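Remember, it's a predicted structure, so these values are computed and weren't measured experimentally.
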Amino acid sequence: MKQLLQFVSTTSINLTRFLLRRISSFVYFYWKVFQKHLNDKTLLCSTVKAMGSKRPFSNSSKGKKDVKLKGLEASPGFKKNVDEENDVNSYSIEIERLRKDPTIVEAMTVQELRKILKRFRVPAKGRKDDLLSALKSFVDSNKCEQDSHTREEQELLISAENTSVEVEAKRVLDEDDHVENVNETSEILERNQGKRKLKQSESERKTVKVVTKKKVSPKSDGDADFKPSRARRKISSDIVSIVAESDEISTTTIQTEPWTVLAHKKPQKGWIAYNPKTMRPPTLHKDTKFVKLLSWNVNGLRALLKLEGFSAFQLAQREDFDILCLQETKLQEKDIEEIKQRLIDGYDNSFWTCSVTKLGYSGTAIISRIKPLSVRYGLGISDHDSEGRLVTAEFDTFYLICGYIPNSGDGLKRLSYRVTQWDPSLSNYLKELEKSKPVILTGDLNCAHEEIDIYNPAGNKRSAGFTDEERKSFAANFLSRGFVDTFRRQHPGVIGYTYWGYRHGGRKNNRGWRLDYFLVSESIADKVHDSYILPDVNGSDHCPIGLIRFRDLDK
(Lines give C-alpha, C1' and ligand atoms only; values in the text may rest on other atoms or scores of the structure.)
Protein backbone atom coordinates (compact mmCIF):
# COMPACT_ATOMS: atom_id res chain seq x y z
CA MET A 1 0.00 0.00 0.00
CA LYS A 2 2.85 2.36 0.82
CA GLN A 3 4.43 1.74 -2.56
CA LEU A 4 1.08 2.34 -4.28
CA LEU A 5 0.65 5.66 -2.50
CA GLN A 6 4.19 6.63 -3.41
CA PHE A 7 3.54 5.75 -7.05
CA VAL A 8 0.30 7.79 -7.12
CA SER A 9 2.06 10.72 -5.47
CA THR A 10 4.94 10.62 -7.97
CA THR A 11 2.54 10.36 -10.92
CA SER A 12 0.49 13.33 -9.66
CA ILE A 13 3.63 15.45 -9.25
CA ASN A 14 4.84 14.60 -12.75
CA LEU A 15 1.42 15.33 -14.25
CA THR A 16 1.25 18.64 -12.39
CA ARG A 17 4.70 19.61 -13.65
CA PHE A 18 3.73 18.71 -17.22
CA LEU A 19 0.53 20.79 -17.06
CA LEU A 20 2.41 23.73 -15.55
CA ARG A 21 4.97 23.62 -18.36
CA ARG A 22 2.21 23.57 -21.00
CA ILE A 23 0.34 26.42 -19.34
CA SER A 24 3.56 28.40 -19.03
CA SER A 25 4.35 27.97 -22.73
CA PHE A 26 0.88 29.15 -23.75
CA VAL A 27 1.01 32.12 -21.40
CA TYR A 28 4.45 33.07 -22.76
CA PHE A 29 3.26 32.80 -26.36
CA TYR A 30 0.22 35.04 -25.89
CA TRP A 31 2.24 37.45 -23.76
CA LYS A 32 4.75 37.88 -26.60
CA VAL A 33 1.94 38.43 -29.11
CA PHE A 34 0.33 41.04 -26.85
CA GLN A 35 3.71 42.67 -26.20
CA LYS A 36 4.38 42.90 -29.94
CA HIS A 37 0.98 44.52 -30.42
CA LEU A 38 1.77 47.14 -27.74
CA ASN A 39 5.24 47.68 -29.21
CA ASP A 40 3.69 48.55 -32.56
CA LYS A 41 1.34 51.04 -30.90
CA THR A 42 4.12 52.65 -28.85
CA LEU A 43 6.36 52.87 -31.89
CA LEU A 44 3.55 54.52 -33.85
CA CYS A 45 3.08 57.14 -31.13
CA SER A 46 6.82 57.79 -31.01
CA THR A 47 6.95 58.20 -34.79
CA VAL A 48 4.07 60.65 -34.79
CA LYS A 49 5.69 62.69 -32.02
CA ALA A 50 9.01 62.71 -33.85
CA MET A 51 7.25 64.20 -36.88
CA GLY A 52 6.16 67.16 -34.79
CA SER A 53 2.72 66.17 -33.60
CA LYS A 54 2.24 67.23 -29.98
CA ARG A 55 -1.13 65.48 -29.69
CA PRO A 56 -1.17 62.43 -31.90
CA PHE A 57 -4.50 61.23 -30.55
CA SER A 58 -7.32 63.48 -29.42
CA ASN A 59 -10.30 61.99 -27.60
CA SER A 60 -12.44 65.06 -27.05
CA SER A 61 -12.79 68.69 -28.05
CA LYS A 62 -11.25 71.39 -25.85
CA GLY A 63 -13.61 72.61 -23.13
CA LYS A 64 -15.83 69.55 -23.09
CA LYS A 65 -16.12 67.51 -19.93
CA ASP A 66 -15.05 63.90 -19.94
CA VAL A 67 -17.99 61.53 -19.89
CA LYS A 68 -17.43 58.33 -17.87
CA LEU A 69 -19.49 55.34 -18.89
CA LYS A 70 -20.71 53.36 -15.92
CA GLY A 71 -19.35 49.83 -15.82
CA LEU A 72 -16.74 50.52 -18.51
CA GLU A 73 -14.13 52.38 -16.48
CA ALA A 74 -10.85 50.48 -16.07
CA SER A 75 -10.00 49.26 -12.59
CA PRO A 76 -6.84 50.52 -10.79
CA GLY A 77 -5.29 47.08 -11.05
CA PHE A 78 -5.82 47.06 -14.79
CA LYS A 79 -4.26 50.53 -15.14
CA LYS A 80 -1.24 49.38 -13.13
CA ASN A 81 -0.75 46.39 -15.43
CA VAL A 82 -1.01 48.62 -18.50
CA ASP A 83 1.59 50.99 -17.03
CA GLU A 84 3.97 48.11 -16.40
CA GLU A 85 3.45 46.79 -19.92
CA ASN A 86 4.07 50.23 -21.37
CA ASP A 87 7.31 50.40 -19.37
CA VAL A 88 8.41 47.09 -20.85
CA ASN A 89 7.58 48.31 -24.33
CA SER A 90 9.47 51.58 -23.86
CA TYR A 91 12.49 49.61 -22.60
CA SER A 92 12.42 47.45 -25.73
CA ILE A 93 12.28 50.51 -27.97
CA GLU A 94 15.10 52.19 -26.06
CA ILE A 95 17.30 49.08 -26.24
CA GLU A 96 16.66 48.79 -29.99
CA ARG A 97 17.58 52.45 -30.45
CA LEU A 98 20.87 52.03 -28.54
CA ARG A 99 21.73 48.88 -30.45
CA LYS A 100 21.21 50.51 -33.85
CA ASP A 101 23.17 53.67 -32.95
CA PRO A 102 26.22 52.91 -30.69
CA THR A 103 27.35 56.56 -30.88
CA ILE A 104 24.54 57.45 -28.50
CA VAL A 105 26.10 55.23 -25.85
CA GLU A 106 29.59 56.64 -26.44
CA ALA A 107 28.35 60.23 -25.98
CA MET A 108 26.68 59.57 -22.63
CA THR A 109 28.09 61.03 -19.40
CA VAL A 110 28.79 58.93 -16.32
CA GLN A 111 25.56 60.14 -14.69
CA GLU A 112 23.51 59.29 -17.80
CA LEU A 113 25.08 55.86 -18.00
CA ARG A 114 24.31 55.11 -14.36
CA LYS A 115 20.76 56.37 -14.75
CA ILE A 116 19.98 54.22 -17.78
CA LEU A 117 21.69 51.16 -16.27
CA LYS A 118 19.64 51.62 -13.13
CA ARG A 119 16.53 51.88 -15.26
CA PHE A 120 17.44 48.56 -16.93
CA ARG A 121 18.19 47.08 -13.46
CA VAL A 122 21.85 46.50 -14.32
CA PRO A 123 24.55 47.03 -11.63
CA ALA A 124 26.00 50.53 -12.17
CA LYS A 125 29.38 50.61 -10.46
CA GLY A 126 32.88 51.57 -11.52
CA ARG A 127 34.32 54.08 -13.92
CA LYS A 128 32.91 55.21 -17.27
CA ASP A 129 34.66 52.40 -19.12
CA ASP A 130 33.07 49.85 -16.80
CA LEU A 131 29.65 51.46 -17.22
CA LEU A 132 29.99 51.52 -21.04
CA SER A 133 31.02 47.88 -21.09
CA ALA A 134 28.10 46.90 -18.87
CA LEU A 135 25.57 48.75 -21.04
CA LYS A 136 26.92 47.35 -24.33
CA SER A 137 26.94 43.85 -22.90
CA PHE A 138 23.35 44.26 -21.72
CA VAL A 139 22.19 45.55 -25.13
CA ASP A 140 23.91 42.70 -27.00
CA SER A 141 22.57 40.00 -24.69
CA ASN A 142 19.08 41.47 -24.95
CA LYS A 143 19.33 41.35 -28.76
CA CYS A 144 20.18 37.64 -28.67
CA GLU A 145 17.26 37.00 -26.33
CA GLN A 146 14.90 38.91 -28.59
CA ASP A 147 16.03 36.90 -31.62
CA SER A 148 15.48 33.66 -29.76
CA HIS A 149 12.02 34.73 -28.62
CA THR A 150 11.20 35.88 -32.14
CA ARG A 151 12.09 32.49 -33.58
CA GLU A 152 10.02 30.73 -30.93
CA GLU A 153 7.13 33.08 -31.59
CA GLN A 154 7.30 32.45 -35.33
CA GLU A 155 7.33 28.70 -34.79
CA LEU A 156 4.31 28.92 -32.51
CA LEU A 157 2.48 31.16 -34.97
CA ILE A 158 3.19 28.81 -37.86
CA SER A 159 2.06 25.83 -35.81
CA ALA A 160 -1.12 27.63 -34.75
CA GLU A 161 -1.78 28.75 -38.32
CA ASN A 162 -1.37 25.24 -39.71
CA THR A 163 -3.67 23.87 -37.01
CA SER A 164 -6.33 26.50 -37.77
CA VAL A 165 -6.19 25.69 -41.49
CA GLU A 166 -6.65 21.99 -40.80
CA VAL A 167 -9.53 22.68 -38.39
CA GLU A 168 -11.21 24.98 -40.93
CA ALA A 169 -10.88 22.38 -43.71
CA LYS A 170 -12.40 19.73 -41.45
CA ARG A 171 -15.21 22.11 -40.51
CA VAL A 172 -16.06 22.71 -44.20
CA LEU A 173 -16.02 19.01 -44.91
CA ASP A 174 -18.21 18.25 -41.89
CA GLU A 175 -20.70 20.98 -42.78
CA ASP A 176 -21.02 19.72 -46.33
CA ASP A 177 -21.60 16.20 -45.04
CA HIS A 178 -24.96 17.42 -43.72
CA VAL A 179 -25.88 18.89 -47.10
CA GLU A 180 -24.79 16.11 -49.40
CA ASN A 181 -27.26 13.38 -50.25
CA VAL A 182 -25.15 10.27 -50.74
CA ASN A 183 -27.06 7.26 -52.06
CA GLU A 184 -24.29 5.00 -53.29
CA THR A 185 -21.36 3.38 -51.52
CA SER A 186 -18.98 4.46 -54.32
CA GLU A 187 -19.73 8.12 -53.59
CA ILE A 188 -18.86 7.59 -49.90
CA LEU A 189 -15.56 5.95 -50.83
CA GLU A 190 -14.68 8.80 -53.18
CA ARG A 191 -15.47 11.34 -50.49
CA ASN A 192 -13.29 9.60 -47.91
CA GLN A 193 -10.42 9.26 -50.36
CA GLY A 194 -10.68 12.95 -51.15
CA LYS A 195 -10.08 14.13 -47.57
CA ARG A 196 -6.42 15.06 -47.14
CA LYS A 197 -4.46 17.19 -44.74
CA LEU A 198 -3.80 20.76 -45.70
CA LYS A 199 -0.10 21.54 -45.84
CA GLN A 200 1.34 24.98 -45.38
CA SER A 201 5.06 25.78 -45.53
CA GLU A 202 7.01 28.33 -43.47
CA SER A 203 8.15 30.29 -46.53
CA GLU A 204 6.80 33.75 -47.18
CA ARG A 205 5.01 32.62 -50.35
CA LYS A 206 3.16 29.62 -48.97
CA THR A 207 2.13 26.76 -51.22
CA VAL A 208 -0.81 24.56 -50.42
CA LYS A 209 -2.49 21.46 -51.79
CA VAL A 210 -6.22 21.65 -51.17
CA VAL A 211 -8.90 19.03 -51.36
CA THR A 212 -12.30 20.44 -50.38
CA LYS A 213 -15.90 19.53 -50.91
CA LYS A 214 -18.24 21.83 -52.81
CA LYS A 215 -21.37 21.73 -54.96
CA VAL A 216 -21.63 22.51 -58.68
CA SER A 217 -24.41 24.51 -60.27
CA PRO A 218 -25.38 23.20 -63.71
CA LYS A 219 -26.21 25.74 -66.39
CA SER A 220 -29.73 26.13 -67.67
CA ASP A 221 -31.06 28.23 -70.52
CA GLY A 222 -32.90 31.52 -70.42
CA ASP A 223 -33.64 33.99 -67.66
CA ALA A 224 -33.75 31.27 -64.98
CA ASP A 225 -30.07 30.53 -65.61
CA PHE A 226 -28.83 33.35 -63.49
CA LYS A 227 -31.49 33.73 -60.75
CA PRO A 228 -30.76 31.19 -58.02
CA SER A 229 -34.12 31.79 -56.30
CA ARG A 230 -35.90 30.45 -59.37
CA ALA A 231 -33.58 27.57 -60.11
CA ARG A 232 -35.15 24.18 -59.44
CA ARG A 233 -32.46 21.91 -60.81
CA LYS A 234 -31.15 19.09 -58.62
CA ILE A 235 -27.65 20.00 -57.48
CA SER A 236 -25.06 17.26 -57.09
CA SER A 237 -22.46 17.43 -54.31
CA ASP A 238 -18.96 16.33 -55.07
CA ILE A 239 -15.30 16.55 -54.21
CA VAL A 240 -13.25 19.09 -56.16
CA SER A 241 -9.65 18.00 -56.46
CA ILE A 242 -7.32 20.92 -57.01
CA VAL A 243 -3.96 19.66 -58.18
CA ALA A 244 -1.11 21.56 -59.86
CA GLU A 245 1.37 20.07 -62.31
CA SER A 246 4.07 20.15 -59.65
CA ASP A 247 1.59 18.65 -57.11
CA GLU A 248 1.67 21.96 -55.22
CA ILE A 249 -0.04 25.19 -56.17
CA SER A 250 0.55 28.77 -55.19
CA THR A 251 -2.29 30.43 -53.29
CA THR A 252 -1.49 33.62 -55.20
CA THR A 253 -2.07 31.80 -58.48
CA ILE A 254 -5.38 30.42 -57.23
CA GLN A 255 -6.60 33.93 -56.47
CA THR A 256 -5.39 35.65 -59.64
CA GLU A 257 -5.33 32.87 -62.26
CA PRO A 258 -7.65 30.08 -61.06
CA TRP A 259 -7.96 28.65 -64.57
CA THR A 260 -4.33 27.46 -64.36
CA VAL A 261 -5.35 25.08 -61.55
CA LEU A 262 -6.35 21.60 -62.64
CA ALA A 263 -9.84 21.34 -61.17
CA HIS A 264 -11.59 18.08 -61.94
CA LYS A 265 -13.32 15.49 -59.80
CA LYS A 266 -11.69 12.56 -61.58
CA PRO A 267 -8.65 13.80 -63.51
CA GLN A 268 -7.03 11.24 -65.79
CA LYS A 269 -3.31 10.66 -66.10
CA GLY A 270 -1.72 13.27 -68.34
CA TRP A 271 -4.46 15.88 -68.03
CA ILE A 272 -3.25 19.40 -67.34
CA ALA A 273 -4.91 22.78 -66.83
CA TYR A 274 -5.12 25.28 -69.66
CA ASN A 275 -2.80 28.24 -69.38
CA PRO A 276 -3.05 30.68 -72.32
CA LYS A 277 0.22 32.32 -71.31
CA THR A 278 2.21 29.17 -71.99
CA MET A 279 0.06 27.11 -74.38
CA ARG A 280 -0.61 29.52 -77.20
CA PRO A 281 1.65 29.49 -80.27
CA PRO A 282 3.89 32.47 -81.07
CA THR A 283 2.22 35.60 -82.40
CA LEU A 284 2.12 35.72 -86.17
CA HIS A 285 4.18 38.30 -88.02
CA LYS A 286 2.26 41.38 -89.05
CA ASP A 287 2.82 40.59 -92.73
CA THR A 288 1.17 37.17 -92.39
CA LYS A 289 -2.34 37.02 -93.78
CA PHE A 290 -4.82 35.65 -91.30
CA VAL A 291 -8.28 36.27 -89.90
CA LYS A 292 -8.94 36.44 -86.18
CA LEU A 293 -12.36 35.45 -84.84
CA LEU A 294 -13.73 35.93 -81.35
CA SER A 295 -16.91 34.42 -79.88
CA TRP A 296 -18.57 35.25 -76.55
CA ASN A 297 -21.80 34.44 -74.76
CA VAL A 298 -22.25 37.81 -73.01
CA ASN A 299 -25.34 36.86 -70.98
CA GLY A 300 -27.00 40.23 -71.61
CA LEU A 301 -25.18 42.81 -73.72
CA ARG A 302 -26.71 45.91 -72.14
CA ALA A 303 -25.80 44.74 -68.64
CA LEU A 304 -22.27 43.96 -69.80
CA LEU A 305 -21.74 47.43 -71.23
CA LYS A 306 -22.88 48.99 -67.96
CA LEU A 307 -20.35 47.12 -65.84
CA GLU A 308 -17.75 49.29 -64.13
CA GLY A 309 -14.24 48.50 -65.25
CA PHE A 310 -15.34 46.76 -68.45
CA SER A 311 -14.30 48.40 -71.69
CA ALA A 312 -15.23 46.92 -75.05
CA PHE A 313 -12.64 49.22 -76.58
CA GLN A 314 -9.88 47.76 -74.39
CA LEU A 315 -10.92 44.23 -75.31
CA ALA A 316 -10.91 45.07 -79.03
CA GLN A 317 -7.58 46.85 -78.72
CA ARG A 318 -5.98 43.97 -76.83
CA GLU A 319 -7.31 41.16 -79.02
CA ASP A 320 -7.46 43.09 -82.33
CA PHE A 321 -10.06 40.68 -83.71
CA ASP A 322 -11.50 40.93 -87.22
CA ILE A 323 -14.88 39.41 -86.40
CA LEU A 324 -16.78 39.19 -83.12
CA CYS A 325 -19.67 36.76 -82.60
CA LEU A 326 -22.04 37.31 -79.67
CA GLN A 327 -24.62 35.01 -78.12
CA GLU A 328 -27.35 35.59 -75.57
CA THR A 329 -27.43 39.34 -76.20
CA LYS A 330 -30.99 39.46 -74.75
CA LEU A 331 -31.79 42.45 -76.97
CA GLN A 332 -35.07 43.43 -78.54
CA GLU A 333 -35.41 44.83 -82.03
CA LYS A 334 -35.89 48.33 -80.61
CA ASP A 335 -32.47 48.17 -78.89
CA ILE A 336 -30.36 47.39 -81.94
CA GLU A 337 -29.97 50.89 -83.40
CA GLU A 338 -28.84 52.29 -80.07
CA ILE A 339 -26.27 49.51 -79.69
CA LYS A 340 -24.99 50.08 -83.23
CA GLN A 341 -24.26 53.70 -82.36
CA ARG A 342 -21.96 52.53 -79.60
CA LEU A 343 -19.86 50.21 -81.75
CA ILE A 344 -16.14 50.84 -81.97
CA ASP A 345 -14.83 52.57 -85.07
CA GLY A 346 -13.74 50.15 -87.72
CA TYR A 347 -16.39 47.54 -86.98
CA ASP A 348 -18.93 48.96 -89.36
CA ASN A 349 -20.65 45.71 -90.30
CA SER A 350 -22.99 44.29 -87.70
CA PHE A 351 -25.86 41.85 -88.04
CA TRP A 352 -28.33 41.10 -85.24
CA THR A 353 -31.18 38.71 -84.63
CA CYS A 354 -33.53 38.75 -81.63
CA SER A 355 -36.13 36.50 -80.10
CA VAL A 356 -39.67 37.47 -81.09
CA THR A 357 -41.53 34.85 -79.04
CA LYS A 358 -39.90 35.71 -75.74
CA LEU A 359 -38.58 39.25 -75.37
CA GLY A 360 -35.22 39.86 -73.71
CA TYR A 361 -34.18 36.26 -74.36
CA SER A 362 -31.51 34.55 -76.47
CA GLY A 363 -30.29 36.70 -79.40
CA THR A 364 -27.10 36.50 -81.51
CA ALA A 365 -24.96 38.89 -83.55
CA ILE A 366 -21.93 39.12 -85.83
CA ILE A 367 -19.83 42.30 -85.73
CA SER A 368 -17.11 42.54 -88.37
CA ARG A 369 -14.40 44.71 -89.89
CA ILE A 370 -14.72 42.65 -93.06
CA LYS A 371 -17.84 43.19 -95.11
CA PRO A 372 -19.51 39.83 -95.80
CA LEU A 373 -20.83 38.84 -99.22
CA SER A 374 -24.20 37.89 -97.77
CA VAL A 375 -26.01 37.42 -94.45
CA ARG A 376 -28.90 35.20 -93.48
CA TYR A 377 -30.76 34.56 -90.22
CA GLY A 378 -32.00 31.27 -88.77
CA LEU A 379 -32.18 27.88 -90.44
CA GLY A 380 -35.01 28.72 -92.78
CA ILE A 381 -37.34 26.55 -90.66
CA SER A 382 -40.09 28.45 -88.85
CA ASP A 383 -40.16 26.07 -85.89
CA HIS A 384 -36.52 26.92 -85.13
CA ASP A 385 -36.21 30.55 -86.11
CA SER A 386 -38.35 32.49 -83.62
CA GLU A 387 -35.76 32.70 -80.83
CA GLY A 388 -32.97 34.55 -82.64
CA ARG A 389 -30.40 31.78 -82.31
CA LEU A 390 -28.47 31.84 -85.60
CA VAL A 391 -26.69 34.35 -87.87
CA THR A 392 -24.75 33.24 -90.96
CA ALA A 393 -22.24 35.49 -92.74
CA GLU A 394 -20.69 34.48 -96.07
CA PHE A 395 -17.12 35.62 -96.70
CA ASP A 396 -14.82 35.03 -99.67
CA THR A 397 -13.47 31.68 -98.57
CA PHE A 398 -15.76 30.43 -95.79
CA TYR A 399 -19.14 30.62 -94.10
CA LEU A 400 -19.28 31.78 -90.49
CA ILE A 401 -22.25 30.71 -88.38
CA CYS A 402 -22.78 32.29 -84.95
CA GLY A 403 -25.09 30.02 -82.97
CA TYR A 404 -26.72 29.80 -79.55
CA ILE A 405 -27.93 26.21 -79.33
CA PRO A 406 -31.08 25.57 -77.26
CA ASN A 407 -30.48 24.32 -73.73
CA SER A 408 -32.43 21.25 -72.69
CA GLY A 409 -33.69 23.26 -69.72
CA ASP A 410 -34.84 22.47 -66.20
CA GLY A 411 -36.11 18.94 -65.94
CA LEU A 412 -34.73 18.32 -69.46
CA LYS A 413 -38.05 19.48 -70.85
CA ARG A 414 -36.47 20.45 -74.21
CA LEU A 415 -34.09 17.52 -74.46
CA SER A 416 -36.15 15.69 -77.06
CA TYR A 417 -36.54 18.84 -79.18
CA ARG A 418 -32.80 19.48 -78.93
CA VAL A 419 -31.53 16.06 -80.02
CA THR A 420 -34.27 14.98 -82.44
CA GLN A 421 -35.07 18.27 -84.19
CA TRP A 422 -32.61 21.12 -83.65
CA ASP A 423 -29.27 19.30 -83.89
CA PRO A 424 -30.16 17.32 -87.06
CA SER A 425 -31.58 20.45 -88.71
CA LEU A 426 -28.46 22.48 -87.94
CA SER A 427 -26.20 19.66 -89.10
CA ASN A 428 -28.00 19.39 -92.43
CA TYR A 429 -27.83 23.17 -92.82
CA LEU A 430 -24.05 23.16 -92.29
CA LYS A 431 -23.51 20.31 -94.74
CA GLU A 432 -25.56 22.16 -97.36
CA LEU A 433 -23.39 25.28 -96.96
CA GLU A 434 -20.25 23.15 -97.07
CA LYS A 435 -21.03 22.11 -100.62
CA SER A 436 -19.84 25.53 -101.80
CA LYS A 437 -17.40 26.69 -99.10
CA PRO A 438 -15.82 25.48 -95.84
CA VAL A 439 -17.86 26.22 -92.72
CA ILE A 440 -16.96 27.62 -89.30
CA LEU A 441 -19.56 27.15 -86.57
CA THR A 442 -18.98 29.03 -83.31
CA GLY A 443 -20.88 29.95 -80.19
CA ASP A 444 -22.42 28.48 -77.08
CA LEU A 445 -23.28 24.98 -78.26
CA ASN A 446 -24.58 24.02 -74.80
CA CYS A 447 -22.86 20.65 -74.64
CA ALA A 448 -19.78 19.50 -72.72
CA HIS A 449 -18.87 16.72 -75.10
CA GLU A 450 -16.38 14.68 -73.07
CA GLU A 451 -15.66 14.11 -69.38
CA ILE A 452 -12.58 16.30 -69.69
CA ASP A 453 -14.91 19.18 -70.60
CA ILE A 454 -16.70 19.32 -67.24
CA TYR A 455 -15.21 19.26 -63.76
CA ASN A 456 -17.84 16.92 -62.27
CA PRO A 457 -18.94 14.44 -64.91
CA ALA A 458 -20.32 11.83 -62.50
CA GLY A 459 -22.62 14.30 -60.77
CA ASN A 460 -24.10 15.75 -63.97
CA LYS A 461 -25.15 12.71 -65.96
CA ARG A 462 -28.72 14.03 -66.04
CA SER A 463 -27.91 17.72 -66.15
CA ALA A 464 -28.70 19.77 -69.25
CA GLY A 465 -25.58 20.01 -71.37
CA PHE A 466 -24.04 16.70 -70.28
CA THR A 467 -26.68 14.04 -70.78
CA ASP A 468 -25.75 10.98 -72.79
CA GLU A 469 -28.35 11.97 -75.37
CA GLU A 470 -26.84 15.42 -75.94
CA ARG A 471 -23.28 14.13 -76.09
CA LYS A 472 -24.18 11.41 -78.58
CA SER A 473 -26.11 13.92 -80.66
CA PHE A 474 -23.14 16.29 -80.66
CA ALA A 475 -20.85 13.53 -81.90
CA ALA A 476 -23.30 12.16 -84.47
CA ASN A 477 -24.49 15.44 -85.96
CA PHE A 478 -21.23 17.40 -85.97
CA LEU A 479 -18.01 15.50 -85.26
CA SER A 480 -18.94 12.38 -87.19
CA ARG A 481 -20.03 14.47 -90.15
CA GLY A 482 -16.64 16.05 -90.72
CA PHE A 483 -16.53 19.03 -88.36
CA VAL A 484 -13.47 19.38 -86.13
CA ASP A 485 -13.43 20.60 -82.53
CA THR A 486 -10.42 22.90 -82.97
CA PHE A 487 -9.58 23.41 -79.31
CA ARG A 488 -9.65 19.69 -78.52
CA ARG A 489 -7.53 18.87 -81.58
CA GLN A 490 -4.91 21.44 -80.54
CA HIS A 491 -5.09 20.53 -76.83
CA PRO A 492 -6.08 16.83 -76.55
CA GLY A 493 -5.34 16.45 -72.82
CA VAL A 494 -6.00 19.97 -71.58
CA ILE A 495 -8.78 21.05 -69.24
CA GLY A 496 -10.04 24.45 -70.34
CA TYR A 497 -13.47 25.68 -69.26
CA THR A 498 -15.51 28.46 -70.84
CA TYR A 499 -18.49 28.59 -68.47
CA TRP A 500 -18.66 28.83 -64.67
CA GLY A 501 -21.88 29.05 -62.65
CA TYR A 502 -22.36 32.20 -60.59
CA ARG A 503 -23.21 30.21 -57.47
CA HIS A 504 -20.73 28.55 -55.12
CA GLY A 505 -17.68 30.38 -56.48
CA GLY A 506 -17.51 28.38 -59.70
CA ARG A 507 -15.15 30.76 -61.45
CA LYS A 508 -13.05 31.44 -58.36
CA ASN A 509 -12.39 27.71 -57.93
CA ASN A 510 -12.33 26.88 -61.65
CA ARG A 511 -15.29 24.53 -61.40
CA GLY A 512 -16.57 24.90 -64.94
CA TRP A 513 -17.81 23.50 -68.22
CA ARG A 514 -16.53 23.84 -71.80
CA LEU A 515 -19.67 24.78 -73.69
CA ASP A 516 -18.27 27.20 -76.30
CA TYR A 517 -16.63 25.93 -79.48
CA PHE A 518 -15.12 26.67 -82.84
CA LEU A 519 -16.07 23.75 -85.13
CA VAL A 520 -14.59 23.90 -88.64
CA SER A 521 -14.81 21.81 -91.78
CA GLU A 522 -12.13 19.15 -91.98
CA SER A 523 -10.82 20.75 -95.18
CA ILE A 524 -9.58 23.84 -93.31
CA ALA A 525 -8.71 22.29 -89.95
CA ASP A 526 -4.99 22.25 -90.77
CA LYS A 527 -5.14 25.98 -91.56
CA VAL A 528 -6.04 26.84 -87.97
CA HIS A 529 -3.08 28.54 -86.30
CA ASP A 530 -4.62 28.81 -82.83
CA SER A 531 -7.84 27.90 -81.03
CA TYR A 532 -7.81 29.43 -77.58
CA ILE A 533 -9.76 30.52 -74.50
CA LEU A 534 -9.60 33.90 -72.73
CA PRO A 535 -10.49 32.97 -69.14
CA ASP A 536 -9.24 36.28 -67.72
CA VAL A 537 -12.05 38.27 -69.39
CA ASN A 538 -14.92 38.76 -66.92
CA GLY A 539 -18.36 40.29 -67.29
CA SER A 540 -20.34 37.15 -68.05
CA ASP A 541 -20.67 33.60 -66.77
CA HIS A 542 -18.93 32.63 -70.01
CA CYS A 543 -15.55 33.84 -71.25
CA PRO A 544 -14.58 34.59 -74.87
CA ILE A 545 -12.96 32.01 -77.14
CA GLY A 546 -10.83 32.74 -80.18
CA LEU A 547 -9.71 31.26 -83.49
CA ILE A 548 -6.86 32.38 -85.76
CA ARG A 549 -7.01 31.01 -89.28
CA PHE A 550 -4.48 31.53 -92.06
CA ARG A 551 -5.79 33.30 -95.13
CA ASP A 552 -2.73 33.02 -97.36
CA LEU A 553 -3.43 29.27 -97.79
CA ASP A 554 -6.92 29.87 -99.15
CA LYS A 555 -7.50 28.92 -102.76
Is any side-chain heavy atom of Leu326 closer than 4.5 Å to one of Ile367?
yes
Do Leu373 and Lys437 make a side-chain contact, defined as non-hydrogen atoms from C-beta onward lying under 4.5 Å apart?
yes
Could you check whether Glu451 pairs with Lys461 (Lys NZ or Arg NE/NH1/NH2 to Asp/Glu carboxylate O, under 4.0 Å)?
yes
Any side-chain donor paired with an acceptor under 3.5 Å for Asn456 and Lys266?
no
Aromatic plane relationship, His491 with Tyr274 - under 30° parallel, 30 to 60° tilted, over 60° perpendicular
perpendicular
Using a strict threshold of under 4.0 Å (side-chain N to carboxylate O), is an ion pair present between Arg418 and Asp423?
yes
Could you check whether the rings of Trp422 and His384 sit parallel, tilted or perpendicular, using 30° and 60° as the cut-offs?
perpendicular
Answer yes if the side chains of Trp500 and Asn510 hold a donor-acceptor pair under 3.5 Å, and no otherwise.
yes
Any luck finding a side-chain donor-acceptor pair between Gln490 and Asp530 under 3.5 Å?
yes
Apply the test ring pair (Phe, Tyr, Trp, His ring centres under 6.0 Å) to residues His264 and Tyr455: give CA-CA distance (whole Å), side-chain angles for both, the deciding distance (0.1 Å), then the verdict.
CA-CA 4 Å; His264 200 279; Tyr455 102 101; 7.4 Å; no
Glu257/Lys277 salt bridge by N-O under 4.0 Å criterion
yes
Can you say whether the rings of Tyr499 and His542 are parallel (under 30°), tilted (30 to 60°) or perpendicular (over 60°)?
tilted
Using 4.0 Å as the upper bound for N to carboxylate O, is an ion pair formed by Glu469 and Arg462?
yes
Answer yes or no: is there an ion pair linking Asp322 with Arg369, defined by an N-O contact shorter than 4.0 Å?
yes
Is the Lys NZ or Arg CZ of Arg389 less than 6.0 Å from the centre of Tyr404's six-membered ring, within 45° of the axis?
yes
Locate the shortest heavy-atom distance separating Thr498 from Leu515; write the atom from each residue and the value.
OG1-N, 3.1 Å
Do Ser355 and Ser386 come close enough that some side-chain heavy atom pair is under 4.5 Å?
no
Please confirm whether Tyr429 and Tyr399 have ring centers closer than 6.0 angstrom.
no
Under a plain distance cut-off of 3.5 Å, with no hydrogens placed, do Ser408 and Glu470 share a side-chain donor-acceptor pair?
yes
Got a salt bridge between Arg551 and Asp396, using NZ or NE/NH1/NH2 to carboxylate O under 4.0 Å?
no
Under 4.0 Å between a Lys/Arg side-chain N and an Asp/Glu carboxylate O for Glu434 and Arg481?
no
Taking the six-membered ring for Trp, are the ring centroids of Phe518 and Phe483 within less than 6.0 Å of each other?
no
Check this for me, if you would: do Asp536 and Arg318 make a salt bridge, where the nitrogen-to-carboxylate-oxygen distance has to be below 4.0 angstrom?
yes
How far apart are the closest heavy atoms of Ile370 and Val291, and which atoms are they?
CD1-CG2, 4.1 Å
For the pair Phe466 and Trp513, name the ring-plane relationship: parallel under 30°, tilted 30 to 60°, perpendicular over 60°.
perpendicular
Full working for salt bridge (Lys or Arg N to Asp or Glu O under 4.0 Å) between Lys358 and Glu387
CA-CA 7 Å; Lys358 186 177 180 181; Glu387 295 180 348; over 6 Å; no
